[in-house]
Amino acid sequence: MPYIRCLGDCIGPINQLLNMSISISLPNGNKYEQPTGIFINNEWSEASDKGTIPVYNPSTGDEVVQVAAATAEDVDRAVVAARKAFQSWRDVPGEERAKLLDNFINLVSKNLDTVAAIEALDSGKPLQLNARGDIAGGLAVYKYYAGWADKVFGKTIVNTTKKLAYTLHEPHGVCGQIIPWNYPFLMAAWKIAPAIAAGNVVVMKLAENTPLSMLYLCNLFKEAGFPPGVINIFTGHGAKAGSRLAEHPDVDKIAFTGSTATGRIIMKLAATNLKAITLECGGKSPMIVLGDADLDQATKWAHAGIMTNQGQICCGVSRVLVHESIYDQFVDKYVEVVKQRSRVGDMFQDKILQGPQVSKVQQEKVLGYIEKGKEEGAKLVYSGAVAAEALEKGYFVPPTVFADVRDDMVISREEIFGPVVAIAKFSDVEDAINRANDSEYGLAASVYTKDLTEAHRISRRLESGQVFINMAHMGDYRMPFGGYKQSGIGRELGEYGLDTYTQCKAVHINMGMKL
Ligand code: NAD
């Protein structure tokens, strides 16, 4: 019996034809109507070529539903709608934009159980541990930016008897946004909320694997009062729909989150009309653990920093460099923590700490890296238990700990994006800093020590958009998030993130200068 089934084999398809939606029963008992189409101008439509993408339950491999796969033509339609909407939306006052965001927050809050269950079903996130938290975290981001919407000011810079000059922070206009599958609701919140707060209109492409929560929420954007064309959302293949959005000559800004490889493509496509661009890309984030570290806490933070969200975390602590004086104890304790905290299973079961990976492709990729680690001679110190049947049907991966990893090994250099950690030893802290920096990535890094002076000194040396001291991977929506090096360009979240959704105009006024 699959977890999800249509309410009657025939009613589902008929509904889908008429309303671009299908009735779904969730394992927690909720029933809801899942939209499956393309959301443009507050209306649903099929893809122009009627193409669809299957969405699977990652725990069972069963197909849940087919959603429309937008074509380049559909993307063009969305951009036209957005451009038209921008003509009047640009004059909507900030307090009104804030009100609409608040309406949306209230509607999502009322539907939180359903949205969290959809997110769990779609992505494999444990419902109680992760999915609910993601929705609450995303709502905090909407709330934060709703607060900014009436505070997008410029500055008065020259104010003399002869001249007044000031700046305006104006929206870019049509913002193309492309998100990945690891945090569908959160990643959308990080992009939609600041774009709207700053007065832009949005055309968003969802990830192929995880479109359900955001498609469900489209109707709530409409109900919240957003005018047609202000928020347009669809699913589509990256190479078709995503690339059209990135290259589209009438899109003013592109904001992308995903792999560094795709980020490079997006940057080239965005060059067609010199779009404003922000890229949030991959990482291979190190933690340096000094000899005086609190071992109990260091191992717990290091563990949570990678094993949360099935290891599908862009700034996951995938490399741990540990001082030789505590190395053996650290490895033993880390394994103990993994044993205690990595109950693997279906995301809807109680007390599950690790669900399946998002897709078969992702599962195979991560299992491939684990094999590579063994082949290269890293010491496999722990591989968690996953029932054979679950492994066969669902997309599970055992939590895996490698020790004695050399820096030149593939598992130490490439982003695995799964519950796999590479632990290595160091004797000299300068050497550890250089090794931590020896990566094309620079998204996050952590330092663990009781010596805060040393922690600050090391933080300055780390080539990374974020540094966590005596913690890992716990950002804050008020703080900027983004990467150094090939982990990205620009920042999301906080005031810095808002800035990337405005452009600055300088206005000069002659107050009496005569020629
Ligand atoms: P991905 O690059 O394969 O896909 C991301 C999005 O880009 C998807 O919507 C996809 O359809 C689209 N896409 C793919 N090819 C495209 C193309 N040619 N043109 C336009 N769009 C295209 O990444 P993924 O596998 O979905 O996500 C995992 C990656 O995302 C990891 O590398 C992870 O580190 C990164 N990530 C980064 C952050 C961050 O904030 N830095 C956050 C989450 C995930």
Side-chain angles (χ1 to χ4, degrees), residues 53 67 69-70 72 75 122-123 134 137 141 176-191 203-211 214 233-248 251 254-272 275 277-285 306 308-318 357-366 369 414-418 439-444 464-466 473 475 477 479-493 497 500:
I53 299 175
V67 299
V75 175
D122 208 8
S123 65
D134 279 13
V141 174
Q177 305 183 323
I178 300 178
I179 60 169
W181 43 259
N182 61 336
Y183 289 97
F185 180 77
L186 256 185
M187 292 295 100
W190 287 23
K191 289 188 166 42
V203 178
M204 171 171 280
K205 192 194 90 61
L206 309 171
E208 296 89 322
N209 292 325
T210 54
M214 285 312 296
I233 297 182
F234 56 82
T235 313
H237 293 291
K240 271 193 192 171
S243 60
R244 178 59 184 155
L245 190 56
E247 76 178 355
H248 200 294
V251 169
I254 191 88
F256 165 79
T257 300
S259 62
T260 294
T262 309
R264 284 192 200 102
I265 297 173
I266 301 278
M267 200 164 170
K268 280 190 196 146
L269 294 170
T272 48
K275 288 177 184 64
I277 185 166
T278 39
L279 301 176
E280 296 284 1
C281 298
K284 189 73 187 173
S285 302
I306 182 71
T308 311
N309 207 38
Q310 295 66 250
Q312 301 163 148
I313 314 174
C314 50
C315 50
V317 182
S318 50
Q357 306 305 116
V358 75
S359 65
K360 184 89 192 146
V361 170
Q362 195 60 22
Q363 179 198 34
E364 285 172 356
K365 184 180 147 200
V366 179
Y369 274 114
E414 294 185 13
E415 184 182 41
I416 298 174
F417 224 52
S439 168
E440 69 189 38
Y441 297 114
L443 191 55
S464 174
Q466 295 149 101
H473 172 58
Y477 56 83
M479 290 290 285
F481 183 95
Y484 277 25
K485 301 194 273 188
Q486 293 187 49
S487 285
I489 295 177
R491 293 293 176 268
E492 291 194 308
L493 297 181
T500 71

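Nothing fancy with the numbering, it's 1 onward along the sequence. In each ligand, atom 1 is the first atom listed, and ligand 1 is the first ligand listed.
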Measuring from the heavy atoms of G483, does anything fall under 4.0 Å of ligand 1?
no
Counting heavy atoms under 4.0 Å, the part of I178 that contacts ligand 1 is side chain
Ligand 1 atoms nearer than 4.0 angstrom to some heavy atom of F256 are 2 (O), 5 (C), 6 (C), 7 (O)
Note: C281, heavy atoms under 4.0 Å from ligand 1, region reported as backbone
Practice prompt. For ligand 1, find out whether one of its N or O atoms is nearer than 3.5 Å to an N or O atom of W181.
Written response: yes
With no hydrogens and no angle check, just 3.5 Å: does a side-chain donor-acceptor pair link Q312 and Q357? yes
Within 6.0 Å of NZ in K360, more than 12 heavy atoms from elsewhere | yes
Exercise for review: For ligand 1, find out whether one of its N or O atoms is nearer than 3.5 Å to an N or O atom of G238.
Suggested key: yes
Ligand 1 atoms nearer than 4.0 angstrom to some heavy atom of P180 are 26 (O), 27 (O), 43 (C), 44 (C)
In this structure, OH of Y441 is separated from OG of S318 (nearest 0.5 Å) by 9.5 Å
Extract all donor-acceptor atom pairs below 3.5 Å that involve side chains of residues 256-265 and protein atoms in other chains or at least two apart in sequence.
residue	atom	partner	partner atom	Å
T257	OG1	K191	NZ	2.5
S259	OG	T262	N	3.3
S259	OG	T262	OG1	3.0
T260	OG1	G282	N	3.2
T260	OG1	Q486	O	2.9
R264	NE	Q486	OE1	3.4
R264	NH2	Q486	OE1	2.4

Do W190 and L493 touch side chain to side chain, with heavy atoms closer than 4.5 Å?
yes
Short N or O distance, I179 and ligand 1, threshold 3.5 Å exclusive: yes
So I254 and H248, do their side chains get closer than 4.5 Å, heavy atoms only? no
Nearest heavy-atom approach of V317 to I306 is O-CB, 3.3 Å
Among non-hydrogen protein atoms, atom 15 (N) of ligand 1 lies closest to T262 CG2, 3.4 Å
Candidates A239, G236, G242; heavy atom nearest atom 21 (N) of ligand 1 found on G242
Ranked by distance from atom 18 (N) of ligand 1, the top protein heavy atom is I265 CG2, 3.8 Å
A student checking ligand 1 against N182 at a 4.0 Å heavy-atom cut-off should list atoms 43 (C), 44 (C)
dist L206:CG -> D122:CG (nearest 0.5 Å) comes out at 9.5 Å
Looking only at protein heavy atoms, what sits closest to atom 40 (O) of ligand 1 is F481 CE2, 3.1 Å
A student checking ligand 1 against L443 at a 4.0 Å heavy-atom cut-off should list atoms 41 (N)
So the atoms of ligand 1 within less than 4.0 Å of a heavy atom of S243 turn out to be 19 (N), 20 (C)
Worksheet item: Can you tell if the side chain of F417 reaches within under 4.5 Å of the side chain of P180, non-hydrogen atoms only?
Response: no
- prompt: G488 near ligand 1, heavy-atom distance under 4.0 Å?
  reply: no
Practice item. May I ask you to check if ligand 1 and C314 share an N or O to N or O distance below 3.5 Å? Key: no
Honestly, for L245 the part within reach of ligand 1 (heavy atoms, under 4.0 Å) is neither
Y484 side chain reached by L443 side chain, heavy atoms, under 4.5 Å
no
- Item | Beyond-backbone contact of I313 with Y183, side-chain heavy atoms, under 4.5 angstrom | yes
One should read off an interatomic distance between I277 CD1 and T500 OG1, to the nearest 0.5 angstrom, of 11.5 Å
**Asked** Taking the side chain from T272 and the backbone from E247, do they hold a donor-acceptor pair closer than 3.5 Å?
**Response** yes
Residue, atom and distance of the protein heavy atom nearest atom 35 (C) of ligand 1 read G258 O, 3.2 Å
For T257, the atoms of ligand 1 under 4.0 Å from one of its heavy atoms are 5 (C), 36 (N), 37 (C), 38 (C), 39 (C), 40 (O), 42 (C), 43 (C), 44 (C)
Hey, does the side chain of K205 reach the backbone of L245 with a donor-acceptor pair shorter than 3.5 angstrom?
no
Evaluate S259 for polar contact with ligand 1, using N/O atom pairs at a separation under 3.5 Å. yes
Non-hydrogen atoms of Y183 versus ligand 1: any pair closer than 4.0 Å? no
Checking heavy atoms under 4.0 Å, the part of E208 that sits near ligand 1 is side chain
Logged contact type for E415 with ligand 1, heavy-atom cut-off 4.0 Å, is side chain
Atom 4 (O) of ligand 1 touched by protein heavy atom at under 4.0 Å: no
Original post:
Taking distance alone, with no angle check, do K205 and ligand 1 share an N/O pair under 3.5 Å?
Top reply: yes
Worksheet item: So do the side chains of E208 and H237 get within less than 4.5 Å of each other, counting heavy atoms only?
Response: yes
If you scan protein heavy atoms around atom 28 (C) of ligand 1, the nearest is F417 CE2, 3.6 Å
Here the salt bridge (charged side-chain N to carboxylate O under 4.0 Å, His left out) pairs for residues 233-242, sequence neighbours left out, are none
